[in-house]
Structures are given as structure tokens and as C-alpha cells.
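One structure below.
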Amino acid sequence: MQSNKYKLLAIEDEPEIRALLQTLLEAAGYKILSAENGETGKMLQASHQPDLVLLDLGLPDIDGREVLRAIRKDSACPVIVLSAISDEDVIVQALDLGANDYIRKPFGAAELLARVRNTLRTAQGVIAASDGKFASDGLVIDYDARTVELDGTQIHFTQTEYNILALLAKHSGKMLSYSFICKEIWGYTDAGSTKKLQVNMANIRKKFAAIPNGLRHITNELGVGYRMQNKDI
Ligand code: CA
């Protein structure tokens, strides 16, 4: 991993966390820029075009979501939001505004570095992957034939189940919020569609579970959303 070529921007007002991010990421070979408030963060993002932004949502001057909106206006730069454990709704909003992932505070070094690596890989993979197939770690989804195979066994899914799987696969590596998935699948999001999503996911999981170690691809973050793992991008 040639991580030393990556330039990261951390927008975080708490000095201890900013110092921690700097220390951990520099030790891992990244270049790191820091901003202690949202306005400085927006400026540094625009002027330095970092490869990834770590964005605290609770900033002293402007709401972190405003910073995210400003970045998304003219950049597809990957953004990982940092948030306190109680901020589930805010995390979901951030994902819907285009954040690629989130990390709950307090976080460990291993988790931080894994999320950064994963997000950098995924951001590149999204641009590269377009051959009509998703293939990762034994799971093959053929978008033209609308078939799903796990470890060589074809699994039959309903139209809706397949559509959910294909959506997760097309955004693999990224955490998708319940509301994003519902909007994409049913065109709207409400309590009823979230319930439908949960029922469909339970059926999808049951079908994967029929294969030994078959549940390894999709993770569920309670109250937030689902993610399809992708080890091959
Ligand atoms: Ca803060």
C-alpha cells in the first residue's frame, strides 16, 4: 500500500483528537493537514484538494453537515465523518448528504486506519468498476443476468431482494443508510418502507446463511444502515 502519496485533511476542533489523528495517520505514512473549525476546513479542502477528509460533525463555527454540503458541491472527495456515539440521526443525514463512511468516537487506531484504507480503496474502485459484474470474496453478482452466486452456488432471490443486493454491491465498501436504500428501491422512505427493508434483509440473510460462512458480506449497523464488504477493490 503506497499510503504515503495520500494527503488527508482532518477537520476537528478538539485539540486532543486532532493531535491523535495527526499522530496515527502520519505514523501510517499519510500526509495530514488539520483545521480546527469548519470555515478553515472548507478553505483547506478547496485549496489543497486532499484525497480524503475526516470531518467532525460537531464544530464550533458551522455545522459539520454544512461543511459536507460545501465539499459535495464541487468535489467527490471521500469524506469520513467523526461523531459521538449518540448522534445516530446526524450520522444518517451525513451519509445521505454524501459522506462515504463514519467513525464513532471514541475510536481505536486500528479502526481508524482500516476505515481510511477502505474508503480510499472504495473511492478508486467506484471509478474503475463497470464491467457488469460484482465479484468479491466468493460472491458474484451478474448485473445483466440478474443472478447471484456465493461460493459457486447460485442463490435465488426475489426481484426486490435482488435489487437491494445489487444496490449494496454497486456501492460496496460504503455504508448506505436505511433511508437511502428505501428511496432507491421504493422511491420513498417512511416507517413502512424501513420495515419492508428489514423484512427483505432478513430473507436475504436467511438465504446466505444456508451456505457455510455465507453471512460474511453484508454488515448491519443498527440504527444506521447496511454495507456490502468489498475485499477486492
Ligand atoms: Ca467537536
Side-chain angles (χ1 to χ4, degrees), residues 3-4 6-123 171 173-181 189 219-227:
S3 56
N4 57 357
Y6 290 115
K7 186 164 59 183
L8 275 47
L9 168 63
I11 307 174
E12 165 66 65
D13 61 312
E14 282 168 68
E16 298 81 19
I17 299 182
R18 211 164 54 237
L20 177 68
L21 288 170
Q22 179 121 20
T23 306
L24 290 174
L25 293 167
E26 269 177 3
Y30 298 103
K31 276 187 211 144
I32 175 124
L33 298 158
S34 292
E36 58 184 37
N37 60 53
E39 289 298 345
T40 310
K42 282 201 295 191
M43 222 173 58
L44 288 178
Q45 195 278 326
S47 57
H48 287 77
Q49 299 286 311
D51 298 296
L52 182 145
V53 173
L54 289 153
L55 173 64
D56 176 29
L57 288 175
L59 294 167
D61 55 343
I62 45 175
D63 192 306
R65 286 165 292 182
E66 283 307 314
V67 179
L68 181 56
R69 262 190 216 107
I71 292 173
R72 275 290 164 271
K73 234 183 240 167
D74 51 18
S75 165
C77 167
V79 176
I80 300 177
V81 295
L82 306 173
S83 187
I85 204 137
S86 56
D87 288 349
E88 238 148 48
D89 289 347
V90 178
I91 291 168
V92 169
Q93 282 170 22
L95 290 171
D96 288 342
L97 283 173
N100 298 62
D101 206 348
Y102 71 96
I103 301 174
R104 288 183 204 269
K105 295 181 196 174
F107 52 83
E111 186 194 3
L112 171 75
L113 295 175
R115 291 290 171 94
V116 166
R117 266 198 311 271
N118 174 64
T119 301
L120 285 168
R121 268 206 315 254
T122 305
H171 297 270
K174 189 173 186 299
M175 173 66 61
L176 301 183
S177 73
Y178 299 135
S179 56
F180 175 84
I181 299 171
T189 179
T219 52
N220 178 17
E221 298 265 355
L222 266 174
V224 178
Y226 297 101
R227 180 207 312 269

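Counting starts at 1 for both ligands and their atoms, following the listed order. Since the model is a prediction, treat every value here as computed from it, not as a measurement.
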Protein N/O/S atoms under 3.0 Å of the Ca ion (ligand 1)?
-> D13 OD1, D56 OD2, G58 O
Does K105 come within less than 4.0 Å of D56, counting only side-chain N to carboxylate O?
-> yes
Test item: E88 and E221 side chains (from C-beta on) under 4.5 Å apart, heavy atoms | no
Of the options L82, V81, V224, which is the one that meets R104 in a side-chain contact (heavy atoms from CB on, under 4.5 Å)?
-> V224
Got a sec, which pairs hit salt bridge (charged side-chain N to carboxylate O under 4.0 Å, His left out) with one end in residues 37-52, sequence neighbours left out?
-> E39-K42
When you measure from the side chain of T119 to the backbone N and O of R115, does any donor-acceptor pair fall under 3.5 Å?
-> yes
What is the ring orientation for Y226 with Y178, classed by angle as parallel under 30°, tilted 30 to 60°, or perpendicular over 60°?
-> perpendicular
